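Before any comments, here is the structure.
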Protein chains: 2
Amino acid sequence: MATNIRDVAKAAGVSVATVSKVLNGYTTVNENTKERVLQFVKEMQFRPNSAARSLVGRRSMTIGIFLTTGLAHPFFTQILAGMEQALKSKGYDLIYLAQLSWNREYSFVRHCQSRNVEGVVVFGFQHEDMNFDELVESDIPTLFIDLDVHEGRAGYISSDNQAGTQQAVSYLAGLNHRRISFLSGNKDSYVSRHRQKGYRAGLTAAGLPYREEYVAEGDFTRETGYVAMGKLLALTERPTAVVCCSDMSAVGAMEAIHDAGLSVPEDISVIGFDDIEIARYVSPALTTVRQDMITIGRRSIELLDDLILDKKLPPPEAIVPTELIVRGSCGPANG
Amino acid sequence: MATNIRDVAKAAGVSVATVSKVLNGYTTVNENTKERVLQFVKEMQFRPNSAARSLVGRRSMTIGIFLTTGLAHPFFTQILAGMEQALKSKGYDLIYLAQLSWNREYSFVRHCQSRNVEGVVVFGFQHEDMNFDELVESDIPTLFIDLDVHEGRAGYISSDNQAGTQQAVSYLAGLNHRRISFLSGNKDSYVSRHRQKGYRAGLTAAGLPYREEYVAEGDFTRETGYVAMGKLLALTERPTAVVCCSDMSAVGAMEAIHDAGLSVPEDISVIGFDDIEIARYVSPALTTVRQDMITIGRRSIELLDDLILDKKLPPPEAIVPTELIVRGSCGPANG
DNA sequence: TTGTAGGCGTTATCAC
DNA sequence: GTGATAACGCCTACAA
């Protein structure tokens, strides 16, 4: 059906070995024959069968992707767009391994191995309920996004969560806010922990005290943002500003503020984290800490490629800068 | 490294052929040996190498995905989530073929063939600048989403664009609107054409005349929605309602209305199409025609699977129902 | 019912 | 500089 290396060899009047050598950049082949072979390759639109290639132990040029949070993650598209750039230039294809629901004994690692996957990107923010031991022990180069796994051949990449949050707090302090609260994500998630660190650092830098009651826990979603904000509002000395762990929880917080008969930013200033598209469309538009997911996507493939190519390379811990995007949800302190 | 069929055969004390037969559901194998083989398969966590499998002409269980609009498409995530359900139950993996930018002679079809891809899903709304001839002629089972290609082994799936738009017009007519305008997408796109058809059908059903000047062209984006709405507002007898070809263009239209000193829905009612997440967050929240992208994603894989399994099957033309989601952007006609 | 052996398309190791 | 040929892991006639 599709042309194979033998067809090309026959057409060019050489052996398959020669064609193979030309294709793999061996220098031990005559310039003229090389020229002729390449011409036939182009003419016949020949592309080596990747299954055969990976079978003989050569590279499969395949990177697997695993989503701990399902496809529904708001950043997925941006990350993928960033990945695409690097995939193109490095020549990888990206495979999404749909785990077979009917198989109780399903092993993601075995699935990767049977597919000859060269590396894996894991993406999501759930730490607790996933067991990555098998993956880490498998020695398959792995890059986690937003999960601080750093062991064996597994590294990670994430935004500078701490600095980003600290900058948000400083910005509010600069607007004379002195009662700044923090709406966290799941306490044990890597990103939430570091954002909370940044919150404390920001308070300290501004000479503000850390108050336990000003920290409310959510889980990144709009719903828990609403509930958590409600608790903050019930405080006798209620905060004049709130830094949220995600844009969606900020949206929930704004709704709670609105429902309490207060307004943003006159009564309370709100800052989100992420800069998802929705942030621009809520009213007032949300001031937020932008994560550069395009860069994170691109770098994740580049770092993974390094890991694949160099077996001895220590796994990376990459941090990508954030940017404060000022819109309309913050104003000077009032009260 | 990873266990192969020979290891399993040795462990179970049988030949590789027997193991293979067990794995492939041959009935010509003794119940006891089968039992024992399966036990070792499970114990050793054996999974046949898919490269070797597809090399011997068996199935690769791989479906390719091709995006004409890049990853940035707003529905991408939902479609993928729908696909995932079917991929799981059918046992396919999904591969994203990153086209190699440095290769001028790049052929998507050859890439698919070299990867032994069994079928392809094409997704996007650009018709004109893409050349699908090679793909259609390649005889690779293909399923287009939102593109009415129907030829050879290529079929398509899409929302019921016509009925959805017609329902939107009827809804407005029911609110006593008599000057209902239409903000189209790219005129030559499949979905826009059918939505415009539905617009006319809706007018006819309501006994309203079709007026050329009430149709403004955009390209689904917010920017062109803003511009097109501006033109409609400049009309001497300006419309009291507008049906838009997408939610993003509806957002643009609402901004134009606002900037003209008018308000939604008091002065002008607005209906979108898609029901993307943003529709819930603009103010007023957008009444819109929801597309069931989850179902479209799931069905696209199911239909593709049918096409792959049955070489004689005529390619499908599948239409998925829409649903009118009533929110706050429409009110009774006023004037 | 089970085992042997040839072949899928490619690369790597030798000879020549 | 070039060409046989043995792998890679698996499946499928065919033989036993």
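Below, read A as the first sequence line, B as the second, and so on, with proteins coming before strands; counting in each chain starts at 1. Bear in mind that the values here come from a model prediction, so they are computed numbers and not experimental data.
Side-chain contact check for Y92(A) and R59(A): at least one donor-acceptor pair (N or O, by modelled atom type) lies under 3.5 Å. Counted by atom type alone, Q113(B) and R110(B) present one or more donor-acceptor pairs between their side chains at under 3.5 Å.
Near DNA chain D, meaning a heavy atom under 4.0 Å from it, residues 23-30 of chain B has N24(B), Y26(B) in order of number.
K34(A) contributes no side-chain N or O that forms a donor-acceptor pair with the base of dG1(D) under 3.5 Å.
At most 12 non-hydrogen atoms from other residues, nucleotides or ligands lie less than 6.0 angstrom from CD of E151(B).
Residue I5(A) places its side chain closer to dT11(C) than to any other of dG9(D), dT11(C), dG3(D). Listed nucleotides dC10(D), dT11(C), dG3(D) differ in distance to F46(B); the shortest reach to its side chain belongs to dC10(D). Candidate nucleotides dC8(D), dC8(C), dT13(C) were compared by shortest atom distance to the side chain of K21(A), and dT13(C) ranks first.
Taking atom CD on Q113(B) and atom P on dG9(C), their separation rounds to 13 Å, with Å as the unit. One can place CG of L55(A) at 12 Å from P of dT11(C), the figure rounded to the nearest angstrom. What separates CG of N49(B) from P of dG9(C) is a distance of 16 Å, to the nearest Å. In this structure, the CZ atom of R53(A) is 8 Å from the C1' atom of dT10(C), given to the nearest Å. E31(B) places its CD atom 15 Å from the C1' atom of dT2(C), with the value rounded to the nearest Å.
Between F76(A) and F123(A), the two ring planes are parallel [angle under 30°; tilted spans 30° to 60°].
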